[in-house]
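By convention in this document, chain letters (A, B, ...) are assigned in the order of the sequence lines, proteins followed by strands, and residues within each chain are numbered from 1. These values consider heavy atoms only, across backbone and side chains, with no hydrogens, waters or symmetry-generated copies. Keep in mind that this is a model prediction, so the values were computed, not measured.
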There are 2 protein chains.
Amino acid sequence: MNTLRDPLLMPLTAEHNHQQCVSRALNTAEQLCLNRGVQLTAIRLQVLSLIWADHKAVKAYELLDRIKPLQSAAKPATIYRALDFLIEQGLIHRIESLNAFVGCRCSGQPHELLLLICKQCEEVEERAALEVMHTIANELTAAHFIVHSKAIEIQGICGKCALQSLSESST
Amino acid sequence: MNTLRDPLLMPLTAEHNHQQCVSRALNTAEQLCLNRGVQLTAIRLQVLSLIWADHKAVKAYELLDRIKPLQSAAKPATIYRALDFLIEQGLIHRIESLNAFVGCRCSGQPHELLLLICKQCEEVEERAALEVMHTIANELTAAHFIVHSKAIEIQGICGKCALQSLSESST
DNA sequence: TTGCTAAGATTACATTATAACAATCGCTAC
DNA sequence: GTAGCGATTGTTATAATGTAATCTTAGCAA
Ligand SMILES: [Zn+2]
Ligand SMILES: [Zn+2]
Ligand SMILES: [Zn+2]
Ligand SMILES: [Zn+2]
């Protein structure tokens, strides 16, 4: 079991080396696509890279603006097709409550997730939350409900921003 | 404690008397608005009634079409203002993963909820899911995350539809 | 009366997403 | 080779969802 990729073990701190996040994400993506016999084309790779610019939720039309210098012919469909592919391959997640997207920190491992969305810094933290998934599974069984997909999204203030507010208000 | 309004105790069956759902929802809404000193105006009441036409998720522009015969001047803003009001008052819920709305079955009681969205019949079941909320609270504490709002939405096939499929495939 | 506020009307626009069809490219069977 | 095929991308147009800005109206209080 590759615990290195468990987001719980790699907390998202202000000081982290983000270049590592990026290269790990892109390497994983290439490996996965190779193994699966699907094509990680230039456009798809560029969109993935742009999403991984940081840990913030990013909107489709933002991506469109950002990719224009690289792909001057890019249109909405260009972006949405790439996003569809990346979601299918489990390389990114769609955030329903924001109509936005974020890179997946544990691609390749099938996983359910809970998203913590900070309203202040806009960063999104992905957590496995096994206990939560377990109780949800129980609830679904009780309701005789057959699950296809889940969206579990919490909006609020992340620990980092909460700490900052505290230290600022105490000055 | 008013257990009568617990959706867990009032399962959504095919045979239920829906007129009761509607009148209960509208009566509760009137009472609540009266108590809170806010106005349940004609437009707001009409939108709420239209949402309660059934237990399905309904889209804003569907509501716009449906309300046109009653309010020929209705425009998108008409609907969205009414929806904003109804959400603020806790009379309806927004379904993030569908961009749609559904009547709340336990208005008046502050509550967190889990939404079960059937892809087949489009009905939405609201569940209190206290265990789930409890584990989520634990997870948020562990993450030092301050919650503002939650969206917990499960898509799949409801028990009713699953049963129907079974009986159909066995013929 | 005058001024205030909540609600609604109106217009215009912004944002998000998809449909439909054409063009291209790499591959393989013939 | 080349004809055909599937996957990808280009292109155009449009649908679907949501908001901003400004004005008007109705009710009510000073
Ligand atoms: Zn990073
Ligand atoms: Zn934050
Ligand atoms: Zn009913
Ligand atoms: Zn169903």
Side-chain angles (χ1 to χ4, degrees), chain A residues 29-30 32-34 36-48 50-51 56-89 91-102 117 122 151 153 155, chain B residues 29-30 32-34 36-48 50-51 56-89 91-102 122 151 153:
Chain A
E30 276 173 14
L32 280 179
C33 291
L34 199 59
R36 293 171 182 169
V38 297
Q39 300 178 50
L40 187 60
T41 62
I43 290 182
R44 291 166 177 176
L45 184 56
Q46 283 164 4
V47 170
L48 184 60
L50 291 172
I51 289 176
K56 298 184 184 182
V58 57
K59 305 229 160 200
Y61 279 71
E62 260 177 71
L63 289 171
L64 182 53
D65 290 341
R66 291 198 210 159
I67 210 175
K68 281 264 176 71
L70 306 168
Q71 300 282 343
S72 55
K75 299 275 185 313
T78 314
I79 298 298
Y80 280 103
R81 283 193 292 233
L83 291 172
D84 286 347
F85 172 86
L86 295 171
I87 289 171
E88 262 174 32
Q89 299 301 323
L91 298 172
I92 64 171
H93 297 297
R94 177 181 164 86
I95 305 172
E96 299 291 350
S97 54
L98 294 180
N99 295 330
F101 305 85
V102 73
I117 304 156
E122 296 175 17
E153 303 176 1
Q155 305 226 11
Chain B
E30 278 172 13
L32 279 179
C33 291
L34 200 59
R36 294 172 182 170
V38 296
Q39 299 180 51
L40 188 58
T41 62
I43 290 182
R44 291 165 177 177
L45 184 56
Q46 283 164 4
V47 170
L48 184 60
L50 290 173
I51 289 175
K56 297 184 184 182
V58 57
K59 304 226 158 201
Y61 279 69
E62 258 178 72
L63 289 170
L64 182 54
D65 289 340
R66 291 200 210 159
I67 210 176
K68 281 263 175 72
L70 306 167
Q71 301 280 343
S72 55
K75 299 275 183 313
T78 314
I79 297 296
Y80 281 103
R81 280 189 301 237
L83 291 172
D84 286 347
F85 172 87
L86 295 171
I87 289 172
E88 262 174 30
Q89 299 302 321
L91 299 171
I92 64 172
H93 297 297
R94 177 180 166 86
I95 305 172
E96 300 291 351
S97 52
L98 294 180
N99 294 331
F101 305 85
V102 72
E122 296 174 17
E153 303 176 2

**Request:** Decide side chain to side chain contact (heavy atoms under 4.5 Å, CB included) for A:Leu50 and A:Ile67; before the verdict, give the C-alpha distance in whole Å, the side-chain angles of both, and the deciding distance to 0.1 Å.
**Result:** CA-CA 8 Å; A:Leu50 291 172; A:Ile67 210 175; 3.8 Å; yes

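In this structure, the CD atom of A:Glu88 is 9 Å from the P atom of D:dT8, given to the nearest Å. As rounded to whole Å, 14 Å separates atom C1' of C:dT16 from atom CD1 of A:Ile87. Atom CD in A:Glu96 sits about 14 Å away from atom P in C:dT16, given to the nearest Å. One interatomic measurement links the two molecules: CD of A:Gln71 to P of C:dT24, which rounds to 16 Å at whole-angstrom precision. Note: CG (B:Leu86) to P (C:dA7) measures 12 Å, nearest angstrom. In this entry the distance linking CD1 of A:Ile43 with P of D:dA7 reads 17 Å, nearest Å. Distance CG (A:Leu40) to P (D:dT9): 10 Å, rounded to an integer number of Å. Atoms CG (B:Leu70) and P (C:dA9) sit 13 Å apart, rounded to a whole Å.
For the salt bridge (charged side-chain N to carboxylate O under 4.0 Å, His left out) condition, the pairs that include at least one residue of residues 65-78 of chain A, sequence neighbours left out, are A:Glu62-A:Arg66.
Checked by atom type and distance alone, the side chain of A:Glu153 never pairs as donor or acceptor with a backbone atom of A:Ile117 at under 3.5 Å.
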**Message:** At under 4.0 Å between heavy atoms, how does the protein contact nucleotides 15-30 of chain D? Give one character per nucleotide, 5' to 3', with B, S or -.
**Reply:** --BBB-----------

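When only modelled atom types and interatomic distance are considered, A:Ser97 and A:Gln155 share a side-chain donor-acceptor pair under 3.5 Å.
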Expected list for residues 80-87 of chain B: side-chain donor-acceptor pairs under 3.5 angstrom, two or more places apart:
none

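Across all their heavy atoms, A:Arg44 and A:Gln39 have their closest contact at NH1-O, 2.7 Å.
Between B:Gln39 and B:Thr78, it is B:Gln39 whose nearest contact on DNA chain C lies nearer the 5' terminus.
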